[in-house]
Structures are given as C-alpha cells and as structure tokens.
2 protein chains.
Amino acid sequence: METTMRIGELGRATGVEIETIRYYEKAGLLPGPARTQNGYRAYSQAHLEQLAFIRRCRALDMAQDEIRDLLLFKSQPEANCECVNTLLDEHIAHVATRIAELQGLEAQLRSLRAQCKKIRKARDCAILQELAQPDAKPVVKAASHVKGAAGAHRRGK
Amino acid sequence: METTMRIGELGRATGVEIETIRYYEKAGLLPGPARTQNGYRAYSQAHLEQLAFIRRCRALDMAQDEIRDLLLFKSQPEANCECVNTLLDEHIAHVATRIAELQGLEAQLRSLRAQCKKIRKARDCAILQELAQPDAKPVVKAASHVKGAAGAHRRGK
DNA sequence: ACACACCCTGTAGCCGCTCCAGGGTCAAGG
DNA sequence: CCTTGACCCTGGAGCGGCTACAGGGTGTGT
C-alpha cells in the first residue's frame, strides 16, 4: 500500500538534486530510507515531507544545525515551542545584522566608485589609490567585523 | 637599509593572523618574501602595503579573484582603469542583489515568527506547521535563487 | 640545561553542496 | 542473447577563505 519512490523521483518531486538528497542523509538531516533488494533507496511520503521541510528551512537560509533542532522539536509534539521561537528570533537577528553589514559595505563601495568617473591610466586611478591608502576610514577595522562572511554570496556556478 | 620584518611582526602591524598571511602567499595574493638563513620569511615594506591593500579589499568583501585582478591593474600603471571601474560596479551589483535577497528573507522570517506569539506545545506551533506546509508561498522557488548563499554569513567562531 | 617565544611545513577541518570515477541493475529494442 | 540507455550505488575530491593543529626547528634569556 505504501507508495515508495526512488531517489530520482523524490528529486523531481521536490526540485532537489539527487546528490543533495544523499548529502542530507549523510549529514543526518534526512533519515536513511528502506532499501530495495538491489540496494536502491525507497523513500516514503514522510521522507518527501521532511525533505520539503528541510528545503523550506534552507530557503530561509537556516543552517543545518538549526534545521536539525527544528526537526527535533517537530518530533516531540509534547515539548513546548518556546525554543522554536527563540531559534527563529536569533536567526532573524543574524540576517538583520548581515543586512546592516552589507549596507555599510555598499555605501563604502559606492563612495569608492565615485572617486573615479572617467577612464584614466591605472597609475592615476583614484580607486586604486584609495585602496592603497592606509588611512582610509575604519575600513580595515570593519574587516574583523565582517569576518566569516566574506565571499559568501559568490556568483552561482 | 631595507627594514624587513618577520611574519609575526607583519601580522601585528596589519592585524592579520599569521596563518592567514601564509595562506595568502599560497593563494598567490601576496608574493613570497625573501628568506633569512634559517628559512624565516623576511617581509619588506612593499609586502606590508600589499597585505594592507588585500585586507581593505577583503573588508569590502571582494573575492580573491577580484583582488588578484586589482593587484594586476595596480602593477600596470599604463593600462587604463576602466576595468577597475567595471569590476567595482559588478561587485556593487552583487552586494546590492544579496541585500535584496536577505531583505526578502527577513520579511518571510518575520511573518513566520509572527505566527506564534505564545508558547504552546510543539504540536500546535504555527511555525512548525507552516514550515511543514507544502503550499506556503513561493518559498521553495526562492531556494534556487538564494543558491550558493545559504549559511554563508555564519556566526564567527 | 632548560624554558619559552617564535618560526617552518603539511594536513585536515569548517559549510553546503557539486561533481566525478568506477561500478551495478534493469527494461526495451535489435 | 547482446547492447543501449536510464537509472542507481559508494567513495572521494573540490570550491572559498580561512582556521587549527601536529610535529618539528631556531634563537634568546636565565
């Protein structure tokens, strides 16, 4: 009676790449499903739902740790949900912080860009000059603040 | 005449960790310095300036590729600086895009959070319920959009 | 003689995937 | 019966930008 699906079907149904699904299993986010005789993964409806849940959390930029916590809460219907609220609040705070950082960054970048309106020799480029100048505002200090964030949002593929 | 400094001094002077400096050398951002008899790195003033330049770029969240390009332009004073401007414009665009994404995210998170005002049993928690619901707006679609960005700004240490 | 601060190389880990090599399984078509 | 092709498996490497550690050498002071 239980309809099961293979990994490819599950991937198509959720829009998740096969390799990512296997990765979630290895990472302990998605429980390992039953196997058919030939060793293929046989997923149930519950797996599909959990995978969709994971993806929605990821779409909200939650880390695996956070998702694991949420899954745990979900599996304990009698627990009280304060922790969920707290987790979400903290996550929102992190996102807000990151936005503020990036906005500061953008302002700096725009002011830097405004230094050079016309095309000149690199030697005279005000942008390169400013980047080379040690006394350029608290830019360097900012580095430690942004720490761990840099290069994060890199262009896809 | 040339005052040289060891890696520890350079680190202190720039606020960059020793391991990071060695990493930049390996990554081709900072040229490998002369060595003393015992094999210690002996950095010149030029190294210090280049490292500071790199850190200012990193503080502006530029990728290593971008920094390498900038360093190249800097080393070609006769080239024209249009490329610098273009690079910066693209970088600004990326930052702006990321900000917009995160703002959308924040709005979603806040509306999700607003679902649960009081503390209840996890079973009844509207947040968990909404995350479990497949038809919750185009959240899932957003996933592919944010792709490559998730988990990026993780809390430092 | 020893402690201690500093330096070296090389390797592994973090996150969230993504991709690849090298194989097995199974149904349809020649 | 054999091949083709779509699908599946495992295990490992790679991305960026570091960070941390193991296991050693060097140089100064007590």
Side-chain angles (χ1 to χ4, degrees), chain A residues 4-12 14-30 32-43 51 54-55 57-68 94 98 143-157, chain B residues 4-12 14-30 32-43 51 54-55 57-68 94 98 143-157:
Chain A
T4 68
M5 57 209 313
R6 300 195 298 188
I7 198 167
E9 293 172 82
L10 180 60
R12 250 166 282 128
T14 53
V16 178
E17 287 204 28
I18 290 174
E19 319 235 83
T20 304
I21 298 174
R22 284 196 286 246
Y23 168 74
Y24 285 159
E25 181 178 333
K26 208 168 49 178
L29 286 178
L30 193 61
R35 300 288 184 132
T36 60
Q37 290 151 340
N38 54 22
Y40 291 5
R41 287 170 178 84
Y43 291 100
L51 179 55
I54 293 168
R55 288 265 84 179
C57 292
R58 289 291 302 122
L60 295 170
D61 213 5
M62 292 180 193
Q64 295 189 350
D65 284 358
E66 293 171 318
I67 300 175
R68 250 184 297 273
H94 284 303
R98 183 67 183 137
S144 70
H145 191 239
V146 179
K147 185 190 280 176
H153 54 286
R154 253 43 250 184
R155 8 304 212 190
K157 136 155 332 179
Chain B
T4 68
M5 57 212 307
R6 300 196 298 187
I7 198 167
E9 292 173 82
L10 179 60
R12 249 167 282 128
T14 53
V16 178
E17 287 204 29
I18 290 173
E19 320 232 85
T20 304
I21 298 174
R22 285 196 285 245
Y23 168 75
Y24 285 160
E25 180 178 333
K26 207 167 49 177
L29 285 178
L30 193 62
R35 300 286 185 132
T36 60
Q37 289 151 341
N38 54 21
Y40 290 6
R41 288 170 178 81
Y43 291 99
L51 179 55
I54 293 168
R55 288 265 84 179
C57 292
R58 290 291 302 122
L60 295 171
D61 212 4
M62 292 179 194
Q64 294 188 351
D65 284 357
E66 293 171 317
I67 301 175
R68 251 184 296 271
H94 285 304
R98 183 69 183 134
S144 70
H145 191 238
V146 178
K147 186 189 279 174
H153 54 287
R154 251 43 250 185
R155 10 306 215 183
K157 126 155 336 177

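Below, chain A is the first sequence line, B the second, and so on; all start at residue 1.
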For A:T36, the side-chain contact (heavy atoms from CB on, under 4.5 Å) test, sequence neighbours excluded, returns A:N38, A:Y40, A:A42
Comparing B:E19 with A:E19, nearest DNA chain D nucleotide closer to 5' gives the residue A:E19
Rounded to whole Å, CD of B:E25 lies from C1' of D:dG17 at a distance of 16 Å
Rounded to whole Å, the CZ-C1' distance (B:R58 to D:dG17) equals 6 Å
| task | Remember a base hit wins even if backbone is also touched, and classify B:K26 as base, sugar-phosphate or nothing at under 4.0 Å, heavy atoms. | result | base
Distance col, row A:I67:CD1 vs A:L29:CG, nearest 0.5 angstrom, shows 6.0 Å
Checklist entry - Is B:Q64 near enough to D:dG16 that one of its side-chain N or O atoms lies under 4.0 angstrom from OP1 or OP2? => result no
For B:E19, the salt bridge (charged side-chain N to carboxylate O under 4.0 Å, His left out) test, sequence neighbours excluded, returns B:R22
Between the protein and nucleotides 2-7 of chain C, are there any N/O to N/O pairs under 3.5 Å, and if so, what are the atom names and distances?
from	atom 1	to	atom 2	distance (Å)
C:dC7	OP1	B:G8	N	2.7

So CD of A:E25 and CD1 of A:I7: to nearest 0.5 Å the spacing works out to 7.5 Å
Distance col, row A:I54:CD1 vs A:T14:OG1, nearest 0.5 angstrom, shows 10.0 Å
Separation of C:dC17 atom P from A:I54 atom CD1, nearest Å, is 10 Å
Sequence neighbours excluded, the answer for salt bridge (charged side-chain N to carboxylate O under 4.0 Å, His left out) partners of A:R6 is none
A:R35 atom CZ is separated from D:dC7 atom P, nearest whole Å, by 19 Å
Note to self: Do A:Y43 and A:L51 make a side-chain contact, defined as non-hydrogen atoms from C-beta onward lying under 4.5 Å apart?
What the structure shows: no
Residue set satisfying salt bridge (charged side-chain N to carboxylate O under 4.0 Å, His left out) with A:R12, at least two apart, ordered chain then number -> none
Side-chain contact check for B:Y23: nearest option of C:dG16, D:dC21, D:dG17 is D:dG17
When A:N38 and B:Y24 are each assigned the nearest nucleotide of DNA chain D, the 5'-most assignment goes to A:N38
Beyond-backbone contact of A:R55 with A:V16, side-chain heavy atoms, under 4.5 angstrom = yes
Students should find that the end-to-end axis angle of the helix from C:dA1-D:dT30 to C:dG30-D:dC1, with five pairs defining each axis and rounding to 10 degrees, is 40°
Whole-Å distance, B:I67 CD1 to D:dG16 C1', equals 12 Å
Here the distance between atom C1' of D:dG16 and atom CZ of B:R68, to the nearest Å, is 11 Å
- Are OP1 or OP2 of C:dG16 and a side-chain N or O of A:T20 less than 4.0 angstrom apart? no
Taken to the nearest whole Å, CE/A:M5 to C1'/D:dC7 is 15 Å
